Trainee: 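Have a look at this one.
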2 protein chains.
Amino acid sequence: MTTLSPGGTAVGPRKVRRATMNDVARLAGVSIKTVSRVVNDEPGVHPSTAERVLAAIDQLGFRRNLSARNLRRGSSTGTIGLVLEDVGNPFYSGVTRAVEEIARLRGRQVISGSSDEDPGRERELALEFCSRRVDGLLIVPAGLQHSYLVPEMRAGTPVVFLDRPAGDVVADTVLVDNIGGTIEAVTHLAAHGHHRIAFLGDAPDIFTANERLRGYREGCVRAGIGYHEELVVMGPHDEHTVTSALRRLQHGREPATALVAGNNRITVHVLRALAGAAERPALVGFDDFELADLLSPPVTVIAHDASALGKAATDLLFARLDGDNSPPRRVVLPVRLVPRGSGEVRA
Amino acid sequence: MTTLSPGGTAVGPRKVRRATMNDVARLAGVSIKTVSRVVNDEPGVHPSTAERVLAAIDQLGFRRNLSARNLRRGSSTGTIGLVLEDVGNPFYSGVTRAVEEIARLRGRQVISGSSDEDPGRERELALEFCSRRVDGLLIVPAGLQHSYLVPEMRAGTPVVFLDRPAGDVVADTVLVDNIGGTIEAVTHLAAHGHHRIAFLGDAPDIFTANERLRGYREGCVRAGIGYHEELVVMGPHDEHTVTSALRRLQHGREPATALVAGNNRITVHVLRALAGAAERPALVGFDDFELADLLSPPVTVIAHDASALGKAATDLLFARLDGDNSPPRRVVLPVRLVPRGSGEVRA
DNA sequence: CCGCCTGGGGACAACGTTGTCATAGTGGCG
DNA sequence: CGCCACTATGACAACGTTGTCCCCAGGCGG
């Protein structure tokens, strides 16, 4: 790491008090209310007066204090709170982007935070956002207890849950079709002749992981290949656990010839574990990911759209802000199987 | 998309005025100041009084209004503004994550927005954040004009530029070693016998694109293979432009046998264009990306660390908030060549 | 018994803005 | 010339909180 001293227009170290409307008013020789009128484009200000005011604003570098404004107006703070699992995860950053996009169209800023799957952290973030009087809250729930939000919701802050439902509160929720997706994955593999299909899922206390497990089971039953517990490996996964799970699944008495991976992270771990392996089981991953089509073989996935998820949730939120009082809705977004090769291997 | 009506504990539609300290005080039979003392853990409140107050807070679902608090206190709003190019881009979401991490340790929330490489949008976002009186600003500059920030900086809002320097303001800046990285890429390819090495870069008005071009040029000169303008293709790129550029480069009189891609997006476009091609030029990409090691051949890259970038910038920002008055610094983070296969093809 | 100190608590102003209402000037019209 | 309508502007309170200062009761030493 190198440190250089740059050249150019420097900003003096002298720290100046920030100008207020009062300062502007004094400089322009008008009352503070007139400044307010100019700043807010209210009518009834003589053009020449407005010009003087604008000049003063420019000279002082005045910028109106939104804290004060929000306090006085009491209504909207122009912010949306977004609590997700991890902004660094491409899936959630896609969601974030979509949320930001729509918020922008509606003149709102997004404040976001990562819960890291920790219910306490989620709560802390959500309540912090409420203290900031966000206009609405979008939450990817980490736990199952959300009654702490009831006072906020009663006070008029709309809340939409994303990707997973809340535990003990009824509110708008946007999900993807986890069960349908995994059923389709299993059906697809079975149609290619596999009857020993394994499932690697995330920790079963995570809603989506559990749903996908249910879909897997249902898929097995429908395909007539039966549900075999020894083919399921749940739990928080890292590269190591996935590798050893795979070894076990592939080398038992009746080895698995196909695999369903429960989310994008697990899929990547599987790919890494299988890299260079002589015999590769057929694979379908839940969640699409970039470059899946460029791997060899290309990875077949159950795809769903992060930005669609973000958009649906944000639309729902703004509908509430626009006064929609209808009962809470649960929206389930479709998924689709994208066959690319890795899932079309014949048993 | 399916819509269902869920079951569970519903929150009545009755919208209640949000409780204030005044309401709490009335209910607890104390003065508002005492409530304030309890909420802020100030000493001098009898335990039994505090208990009554806490009960009232709980009953009313009171949550203190941070707008009012910030207004009154005048000091910190507990927020950091982050302006980047696109939260949806994995590189920037890595940066965001690192920023959030450190901000959290220092008790700050992050407000972020995407400029989409539009200077006007960047300015709008940054000034909006200033109106919200963020404690500091982290900016991935979109343009070259940042004098609009001078009043804010004078007023004491520290600003750190990320990934690219500001145009006309001297401020803390964190960059990566773009020039050194591309020099290394070219050197690496030349060492494997290539002397027709092409460069596909982003639009040349983007600082990093221009720097990397300079590095490429310097690398060519140092390697003794000379700089040939016809081997350089700059400009905003999509899959189509990359494909046709590649066709031209590979089928001229003296075809390029190796390629440097100017950023992660371009690298992906190149990979897609080359997918299934009979003869593949050697390739080194700037920016690392997930799964680069699992492609065939694995992609050699100039790697640098998004989270290190975010961390360095945020550390710098907090140093300023802690009172560091030293002259603005420019930090250049190292990059490293990660050989994986695609760049080690012999000419 | 008096003065002083201390712990607990309250009154009030102020932060920077905006909503409400009042007021001074101006020009038109009967 | 007086009245009205209208335009341009200002005075003032209020938003919800916290900092400053003040007060009261009770305990304790002299």
Side-chain angles (χ1 to χ4, degrees), chain A residues 16-54 56-57 60-78 128 130-134 152 155-157, chain B residues 16-54 56-57 60-78 128 130-134 152 155-157:
Chain A
V16 177
R17 193 179 58 85
R18 216 176 263 277
T20 70
M21 281 195 178
N22 235 314
D23 303 322
V24 174
R26 220 176 353 250
L27 181 59
V30 297
S31 86
I32 180 181
K33 178 69 216 198
T34 298
V35 176
S36 171
R37 276 193 263 258
V38 171
V39 167
N40 292 293
D41 273 327
E42 284 171 30
V45 179
H46 195 92
S48 69
T49 311
E51 200 173 337
R52 276 202 336 273
V53 171
L54 288 172
I57 287 178
L60 295 175
F62 166 79
R63 196 152 313 278
R64 81 154 168 277
N65 184 326
L66 281 181
S67 285
R69 170 175 232 249
N70 293 335
L71 175 58
R72 175 62 238 244
R73 317 236 350 234
S75 51
S76 159
T77 58
E128 163 83 24
C130 288
S131 269
R132 293 192 187 279
R133 299 293 187 266
V134 291
E152 312 303 327
T157 305
Chain B
V16 178
R17 193 179 57 86
R18 213 176 264 278
T20 70
M21 282 196 178
N22 232 317
D23 304 322
V24 175
R26 223 179 348 253
L27 181 59
V30 297
S31 86
I32 180 180
K33 179 68 215 197
T34 297
V35 176
S36 171
R37 277 194 261 261
V38 171
V39 168
N40 292 292
D41 273 327
E42 285 172 30
V45 179
H46 195 92
S48 69
T49 313
E51 202 173 335
R52 279 205 331 276
V53 171
L54 287 172
I57 287 177
L60 296 175
F62 166 78
R63 196 154 311 282
R64 83 156 167 281
N65 184 326
L66 281 182
S67 285
R69 169 176 232 248
N70 293 334
L71 175 59
R72 175 62 239 242
R73 315 235 349 229
S75 51
S76 160
T77 57
E128 163 84 24
C130 288
S131 269
R132 294 192 186 280
R133 296 295 185 266
V134 291
E152 313 302 328
T157 306

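To find a chain, count down the sequence lines: A is the first, B the second, and so on, and within it residues start at 1. All figures in this text were calculated on a predicted structure; none of them were measured in a lab.
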Trainee: Find which nucleotide of DNA chain C each of B:V30 and A:S36 is nearest to by heavy atoms, and output the residue with the more 5' nucleotide.
Mentor: B:V30
Trainee: Calculate the interatomic distance between A:E42 atom CD and D:dT7 atom C1'; express it in whole Å.
Mentor: 15 Å
Trainee: Taking the nucleotide of DNA chain C with the nearest heavy atom to each, does B:V45 or A:N22 sit closer to the 5' end?
Mentor: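 Checking each residue's closest nucleotide, the 5'-ward one belongs to B:V45.
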Trainee: When rounded to the nearest 0.5 angstrom, what is the spacing between OG1 in A:T20 and CZ in A:R26?
Mentor: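 Rounded to the nearest 0.5 Å, the OG1-CZ separation comes to 7.0 Å.
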Trainee: Nearest 0.5 Å, please: how far is NZ in B:K33 from CE in B:M21?
Mentor: 8.5 Å
Trainee: Does a donor on one side chain sit under 3.5 Å from an acceptor on the other, for A:R132 and B:T77?
Mentor: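 No - no donor-acceptor pair under 3.5 Å links their side chains.
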Trainee: Can a donor-acceptor pair be found, under 3.5 Å and without considering hydrogens, that links the side chain of B:R133 to the backbone of B:C130?
Mentor: yes
Trainee: Can you name the nearest heavy-atom pair linking A:S67 to B:N70, along with the distance?
Mentor: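 In terms of heavy atoms, the two residues are closest at OG-CB, 4.0 Å.
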Trainee: Among A:L71, A:L66, A:N65, find the residue that satisfies the side-chain contact (heavy atoms from CB on, under 4.5 Å) test when tested with A:R69.
Mentor: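 Exactly one pass, corresponding to A:L66.
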Trainee: Taking any atom under 4.0 angstrom from a heavy atom of chain A, which nucleotides of DNA chain C are the first and last to qualify, 5' to 3'?
Mentor: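 The contacted stretch runs from C:dG16 to C:dT20.
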Trainee: Can you tell me how far CD1 of A:I32 sits from CG of A:D23, rounded to the nearest 0.5 angstrom?
Mentor: 9.5 Å
Trainee: Around atom CD of B:E51, are there more than 12 heavy atoms from other residues, nucleotides or ligands closer than 6.0 Å?
Mentor: no
Trainee: Tell me which residues in residues 61-74 of chain B lie within less than 4.0 Å of DNA chain C, going by non-hydrogen atoms.
Mentor: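 Contacting residues: B:L71, B:R72.
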